[in-house]
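Since the structure comes first, as structure tokens, the remarks are kept for the end.
Numbering starts at 1 and runs along the sequence shown.
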Amino acid sequence: MAAPRRSLSPGRRAWLRFRANRRGYLSLWIFALVFGASLAAELLSNDRPIVASYEGQLYWPLWRQYPETAFGGDFRTATDYLDPFIRERLSADGNWALYPPNPYRFDTINYFAPSPNPAPPSSTNLLGTDDQGRDVLARLLYGFRISVLFGMALTAIGVAFGIAAGAVQGYFGGRVDLALQRLTEIWGSIPELYLLLILASIFEPSIWILLAILSLFSWMGLSDYVRAEFLRNRQLEYVTAARALGLSSLQVIGRHVLPNSLTPVIAFLPFRMSAAIVALTSLDFLGLGVPPSTPSLGELLAQGKANLDAWWISLGTFGVLVGTLMLLIFVGEALRDALDTRRG
């Protein structure tokens, strides 16, 4: 007699459907690897050695600042490890230094570059330099990290507020739903760009201010889907049974209705994250985003627009931005298909 077939849980079936979508599954791995590399940007792209040995003593320049006199220099100022004299001292008489693969930070200006800025790609700067002499590869790596972290933060805040607003509207319905819908319509009619322009003229540009402003509007699109799911699920038998057993509204929402209403939330996460990255890039391109010294994909696009002959700035930034959005879209499509219970 054959052994009974073990049934799979809905979550396991969704994971298997997601893995069956090779494009989405591979995109998730690629995005995770690139994002993980950007989190270690200080180890991959930095103008300080990770560790150095000078005259038998170990130094850790990546985590501690040393004066130039520690390596045989004449001044007690911070050491410039790109200085040919310092590099010669760290490589002579048994001394050594372990540099990151790309020896530039996002704000490093290479004063010893052989070409005027913006310089084209070379063995010194693999993707060239911008109009201030900063390495484009380093700014892309650090800018990608800021963009993704900003997208994650904005998505998390929007999802939290969207779920809360949609759950209250959909579960209680009636006058509560009607009143909150009217308030949502009024709030959504506020011109977001004008509000950004006004606040940008009052406060100093900051990524935290930008995150706070965009969070005020990022929840509205998701709350409608959560509201619709709650309106449908609150009429089902298991919710009625939970109420009859004496569970409070908060317990019914948390234990029964919410877990069965998260399908659109999960499916839309990559799309909302890509929209947040595009929003930050667009505002930085217009000069309304992060401060100018902060590495940003939008700031690099603005530099490419101002320096049309420096094609490497626009090309590299465009490639990173398009590649990131494509990966997120592929992951979102795979999630949407995986959560579709009509699929086998």
Side-chain angles (χ1 to χ4, degrees), residues 30 32-149 290-297 299-300 303 307 310-313 315-317 319-320:
I30 294 175
L33 290 175
V34 175
F35 178 58
S38 70
L39 292 178
E42 284 78 10
L43 296 174
L44 298 176
S45 184
N46 209 310
D47 56 2
R48 300 181 184 181
I50 300 174
V51 59
S53 174
Y54 182 75
E55 295 183 352
Q57 184 175 353
L58 279 180
Y59 295 88
W60 304 91
L62 192 61
W63 293 276
R64 184 179 174 185
Q65 187 71 264
Y66 295 100
E68 188 179 297
T69 53
F71 304 104
D74 299 324
F75 305 100
R76 297 196 60 83
T77 55
T79 304
D80 181 7
Y81 296 95
L82 297 179
D83 189 336
F85 172 77
I86 297 298
R87 289 211 165 198
E88 183 181 355
R89 297 291 297 177
L90 289 176
S91 60
D93 300 329
N95 303 325
W96 55 267
L98 177 62
Y99 287 88
N102 187 47
Y104 303 100
R105 245 169 62 98
F106 65 89
D107 55 353
T108 302
I109 299 178
N110 187 5
Y111 295 103
F112 308 98
S115 304
N117 299 314
S122 63
S123 58
T124 305
N125 302 97
L126 297 180
L127 294 182
T129 62
D130 62 5
D131 56 6
Q132 299 184 34
R134 299 171 298 190
D135 185 68
V136 172
L137 176 59
R139 291 189 70 80
L140 284 176
L141 182 62
Y142 284 86
F144 172 81
R145 179 174 67 179
I146 290 178
S147 298
V148 174
L149 290 176
V290 297
S293 60
T294 307
S296 165
L297 300 180
E299 187 265 344
L300 281 172
Q303 283 202 44
N307 301 275
W311 52 268
W312 53 90
I313 301 177
L315 185 61
T317 309
V320 170

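No more than 12 heavy atoms of other residues, nucleotides or ligands lie within 6.0 Å of CD in Glu88, so this atom counts as exposed by the packing criterion. The local environment of CH2 in Trp96 is crowded, with over 12 non-hydrogen atoms from other residues, nucleotides or ligands closer than 6.0 Å.
Remark: Arg87 CZ to Leu82 CG distance equals 5.5 Å, nearest 0.5 Å. For the atom pair Thr79 OG1 and Phe85 CZ, the distance stands at 10.5 Å (nearest 0.5 Å). Rounding to the nearest 0.5 Å places OH of Tyr54 at 11.0 Å from OG of Ser91. The distance from the CG atom of Leu141 to the OH atom of Tyr104 is 15.0 Å, given to the nearest 0.5 Å. With rounding to the nearest 0.5 angstrom, the CD atom of Gln303 is 8.5 Å from the OG1 atom of Thr317. Distance check: Arg105 CZ to Asp135 CG gives 12.5 Å after rounding to the nearest 0.5 Å.
Applying the salt bridge (charged side-chain N to carboxylate O under 4.0 Å, His left out) criterion to Arg89, with sequence neighbours excluded, gives no partner residue. Applying the side chain to side chain contact (heavy atoms under 4.5 Å, CB included) test to Arg64 and every residue at least two apart in sequence or in another chain returns Tyr66.
Looking at every heavy atom in both residues, Pro100 comes nearest to Ser45 through CB-N, 4.0 Å. Phe144 and Val34 make their closest contact through CE2-CG1, 3.6 Å (heavy atoms, listed as atom of the first residue, atom of the second, distance). Looking at every heavy atom in both residues, Asp131 comes nearest to Asn117 through O-CB, 4.1 Å. Residues Leu300 and Ile313 share a closest heavy-atom pair of O-CG2, 3.3 Å. Closest of all the heavy-atom pairs between Pro101 and Pro103 is O-CD, 3.7 Å.
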> Yes or no on side-chain contact (heavy atoms from CB on, under 4.5 Å) for Val51 and Leu58, after CA distance, side-chain angles and deciding distance?
Replying inline: CA-CA 7 Å; Val51 59; Leu58 279 180; 4.0 Å; yes
> What do the steps show when you test Phe106 against Thr294 for side-chain contact (heavy atoms from CB on, under 4.5 Å), and what is the final call?
Replying inline: CA-CA 8 Å; Phe106 65 89; Thr294 307; over 6 Å; no
> Yes or no on side-chain contact (heavy atoms from CB on, under 4.5 Å) for Thr69 and Asp74, after CA distance, side-chain angles and deciding distance?
Replying inline: CA-CA 6 Å; Thr69 53; Asp74 299 324; over 6 Å; no
>> Could you walk me through whether Glu42 and Tyr142 satisfy the side-chain contact (heavy atoms from CB on, under 4.5 Å) test, starting with their C-alpha distance in whole Å, then the side-chain angles of each, then the deciding distance to 0.1 Å, before giving a yes or no?
In response: CA-CA 9 Å; Glu42 284 78 10; Tyr142 284 86; 3.7 Å; yes
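Judged purely by atom type and a 3.5 angstrom limit, Tyr59 has no side-chain atom pairing as donor or acceptor with the backbone of Pro49. The main-chain N or O of Gly143 is found under 3.5 Å from a side-chain atom of Ser147 such that the two form a donor-acceptor pair. Remark: side-chain polar atoms of Thr129 are paired, donor with acceptor, to backbone N or O of Ala119 under 3.5 angstrom. Remark: side-chain polar atoms of Asn95 are paired, donor with acceptor, to backbone N or O of Ala92 under 3.5 angstrom. Although no hydrogens or angles enter the test, the distance criterion places no donor-acceptor pair under 3.5 Å between the side chain of Asn102 and the main chain of Leu44.
Taking the six-membered ring for Trp and the full ring otherwise, the centers of Tyr81 and Tyr99 sit at least 6.0 Å from each other.
The shortest distance between side-chain heavy atoms of Ile146 and Pro295 falls below 4.5 Å. When side chains are defined from C-beta on, Asp130 does not count as touching Asn307, because their heavy atoms never get closer than 4.5 Å.
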